[in-house]
Amino acid sequence: MSESLHVTRNGHVLEIVLDRPKANAIDAKTSYAMGEVFMMFRDDPELRVAIITGAGERFFSAGWDLKAAAEGEAPDADFGPGGFAGLTELFDLDKPVIAAVNGYAFGGGFELALAADMIVCAENASFALPEAKLGIVPDSGGMLRLPKVMPQAIVTEMMMTGRRMDAEEALRWGVVNRVVPVDQLMDSARELAAQIAQSAPLAVAALKEVCRTTAEMTVEEGYRFTRSGALKHYPAVLHSEDALEGPAAFAEKRDPVWKGK
């Protein structure tokens, strides 16, 4: 495990803290280590939700380590099988990830947050894609994911000028789920993770799988594809033990015991 990452298991929740002073920037070595953690999370049946955050209260992550870049690390370097930060190209992860954004999320740091399924941010959070100012482009998902959330004209302005978006603007555009005081950030992220962990894990996986694979389809196309048998989790959840356990627990006025099968 990299000394730049602190990983903690809390029941079904995995907490990952990126700790690379001063700005939690990510080089290729750190990216590889993050990928190993996210793939471990993907493959561990006991883990249901992950939280990714940065150490300290000033930086979630400043993105790509420009010191490493100055020393020769190329923008298209091999950042590992999960892509930059271990998550931006981990397309087969059907478990939810919450980004707890504490402070600045710039460049690849913003792209890491966008690759998560939900974002809880502190009131002092700030988001930006300043790559064009550095002679590069946000190609770790920023150019692709942000236009799916915000109007194209606003995204274009942000990418071409590098201007910052504060927490309240991010909330207005629907980029983040919650804005909370700094000292309540992790409590809020953990509360959200605990709520998700109470849901059936196979159902959560099916939800993420269907949303991911049908995002560019019409509703009619999505119906056909979902019912085609091409998916892994959706057909499984329909005939799962958990699909029987949920109604039984409701009828018996008890908490369900999920098996994930």
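The model shown is predicted, which means the values in this text are computed figures rather than measured ones. Numbering starts at 1 and runs along the sequence shown.
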Chemist: Please round to the nearest 0.5 Å and tell me the distance separating atom CD1 of I26 and atom CG of L18.
Modeler: 5.0 Å
Chemist: Against D94, only a single residue in K232, K208, R212, R42 fulfils side chain to side chain donor-acceptor pair (under 3.5 Å); can you say which?
Modeler: R212
Chemist: For the pair S31 (side chain) and F79 (backbone), establish whether a donor and an acceptor sit closer than 3.5 Å, ignoring hydrogens and angles.
Modeler: yes
Chemist: Between F84 and E89, which heavy-atom pair has the shortest distance, and what is it?
Modeler: N-OE2, 4.5 Å
Chemist: For the side chain of D242 and the backbone of P201, is there at least one donor-acceptor N/O pair under 3.5 Å apart?
Modeler: no
Chemist: Does T218 use its side chain to pair, donor to acceptor, with the backbone of E221 at less than 3.5 Å?
Modeler: yes
Chemist: Keeping the roles fixed (side chain from S61, backbone from A25), state whether a donor-acceptor pair exists under 3.5 Å.
Modeler: no
Chemist: Does V175 belong to the same Ile/Leu/Val/Met/Phe/Trp/Tyr cluster as V97, with side-chain heavy atoms less than 4.5 Å apart forming each link?
Modeler: yes
Chemist: Identify which one of R20, K22, K29 satisfies the salt bridge (charged side-chain N to carboxylate O under 4.0 Å, His left out) criterion when paired with D65.
Modeler: R20
Chemist: Please name the pair of heavy atoms, one in G83 and one in T88, separated by the smallest distance, quoted to 0.1 Å.
Modeler: C-OG1, 3.6 Å
Chemist: T226 versus T214: any side-chain heavy-atom pair under 4.5 Å?
Modeler: yes
Chemist: For a 4.5 angstrom cut-off between non-hydrogen side-chain atoms, does P21 reach F59?
Modeler: no
Chemist: Quick one: does H12's side chain have a donor or acceptor within less than 3.5 Å of a partner on V49's backbone?
Modeler: no
Chemist: Is there a path of hydrophobic side-chain contacts, each under 4.5 Å between heavy atoms, that joins M150 and V176?
Modeler: yes
Chemist: Charged N to carboxylate O below 4.0 Å: is that the case for R224 and E220?
Modeler: yes
Chemist: Just verifying a value: how many Å separate L14 CG and F41 CZ, rounded to the nearest 0.5 Å?
Modeler: 7.0 Å
Chemist: With distance as the sole criterion, is a donor-acceptor pair present between the side chains of S126 and D166 under 3.5 Å?
Modeler: no
Chemist: Identify the heavy atoms of A122 and A167 that sit nearest to each other, and give their distance.
Modeler: O-CB, 3.7 Å
Chemist: Is I16 close to T53 at the side-chain level, that is, under 4.5 Å between some pair of heavy atoms?
Modeler: no
Chemist: Please check if atom CE in M160 has more than 12 non-hydrogen atoms from other residues, nucleotides or ligands closer than 6.0 Å.
Modeler: no
Chemist: What heavy-atom pair brings P147 and Q152 nearest, and what distance separates the two atoms?
Modeler: CB-OE1, 3.6 Å
Chemist: For E111 and G142, indicate whether the former's side chain and the latter's backbone hold a donor-acceptor pair under 3.5 Å.
Modeler: yes
Chemist: Is there a continuous path of hydrophobic side-chain contacts, each under 4.5 Å between heavy atoms, that joins Y223 to Y234?
Modeler: no
Chemist: Is the number of heavy atoms from other residues, nucleotides or ligands within 6.0 Å of CG (D255) greater than 12?
Modeler: no
Chemist: What's the shortest heavy-atom distance between I98 and A189, and which atoms?
Modeler: CD1-O, 3.8 Å
Chemist: Roughly how far, to the nearest 0.5 Å, is the CG atom of L185 from the CZ atom of F60?
Modeler: 9.5 Å
Chemist: Check the pair V204 / R48 against side chain to side chain contact (heavy atoms under 4.5 Å, CB included), numbers first and verdict last.
Modeler: CA-CA 9 Å; V204 170; R48 299 182 185 175; over 6 Å; no
Chemist: Rounded to the nearest 0.5 Å, what separates atom CD in Q184 from atom CD in E123?
Modeler: 8.0 Å
Chemist: Should L112 and L87 be marked as a side chain to side chain contact (heavy atoms under 4.5 Å, CB included) after you check the CA-CA gap, both sets of side-chain angles, and the distance that decides it?
Modeler: CA-CA 7 Å; L112 169 59; L87 184 64; 4.0 Å; yes
Chemist: Between the main-chain N or O of E57 and the side-chain N or O of N124, is there a donor-acceptor pair closer than 3.5 Å?
Modeler: yes
Chemist: Please evaluate residues R178 and L192 with respect to the criterion side chain to side chain contact (heavy atoms under 4.5 Å, CB included), reporting the C-alpha separation (whole Å), side-chain torsions for both, the decisive distance (0.1 Å), and the verdict.
Modeler: CA-CA 10 Å; R178 304 178 182 181; L192 180 57; 3.7 Å; yes
Chemist: So how far is it from I154 CD1 to R163 CZ, rounded to the nearest 0.5 Å?
Modeler: 6.5 Å
Chemist: Please answer whether the main-chain N or O of K261 pairs with a side-chain N or O of E241 as donor and acceptor at a distance below 3.5 Å.
Modeler: no
Chemist: What distance separates I196 CD1 from K95 NZ, expressed to the nearest 0.5 Å?
Modeler: 13.0 Å
Chemist: Taking the side chain from N177 and the backbone from I119, do they hold a donor-acceptor pair closer than 3.5 Å?
Modeler: yes
Chemist: Got a salt bridge between E15 and R9, using NZ or NE/NH1/NH2 to carboxylate O under 4.0 Å?
Modeler: no
Chemist: State plainly whether the residues E245 and R254 are in salt-bridge range, i.e. N to O under 4.0 Å.
Modeler: yes
Chemist: Less than 4.5 Å apart, any side-chain heavy atom of W64 and any of D27?
Modeler: no
Chemist: Please test D19 against S4 for side chain to side chain contact (heavy atoms under 4.5 Å, CB included), starting from the C-alpha separation and ending with a verdict.
Modeler: CA-CA 5 Å; D19 187 3; S4 300; 5.7 Å; no
Chemist: Would you tell me whether N24 and Y104 have side-chain atoms, one donor and one acceptor, within less than 3.5 Å of each other?
Modeler: no
Chemist: List the atom of M159, the atom of P138, and the distance in Å for their closest heavy-atom pair.
Modeler: SD-CG, 3.9 Å
Chemist: Should P151 and V155 count as side-chain neighbours, where that means a heavy-atom distance under 4.5 Å?
Modeler: no
Chemist: Could you see if M118 belongs to whatever hydrophobic cluster contains I51? Use Ile, Leu, Val, Met, Phe, Trp, Tyr and a side-chain cutoff under 4.5 Å.
Modeler: yes
Chemist: Side-chain heavy atoms under 4.5 angstrom apart, residues restricted to Ile, Leu, Val, Met, Phe, Trp, Tyr: same cluster for I52 and V13?
Modeler: no
Chemist: Using the ring of each side chain (for Trp, its six-membered ring), is F127 parallel, tilted or perpendicular to F110, with breaks at 30° and 60°?
Modeler: tilted
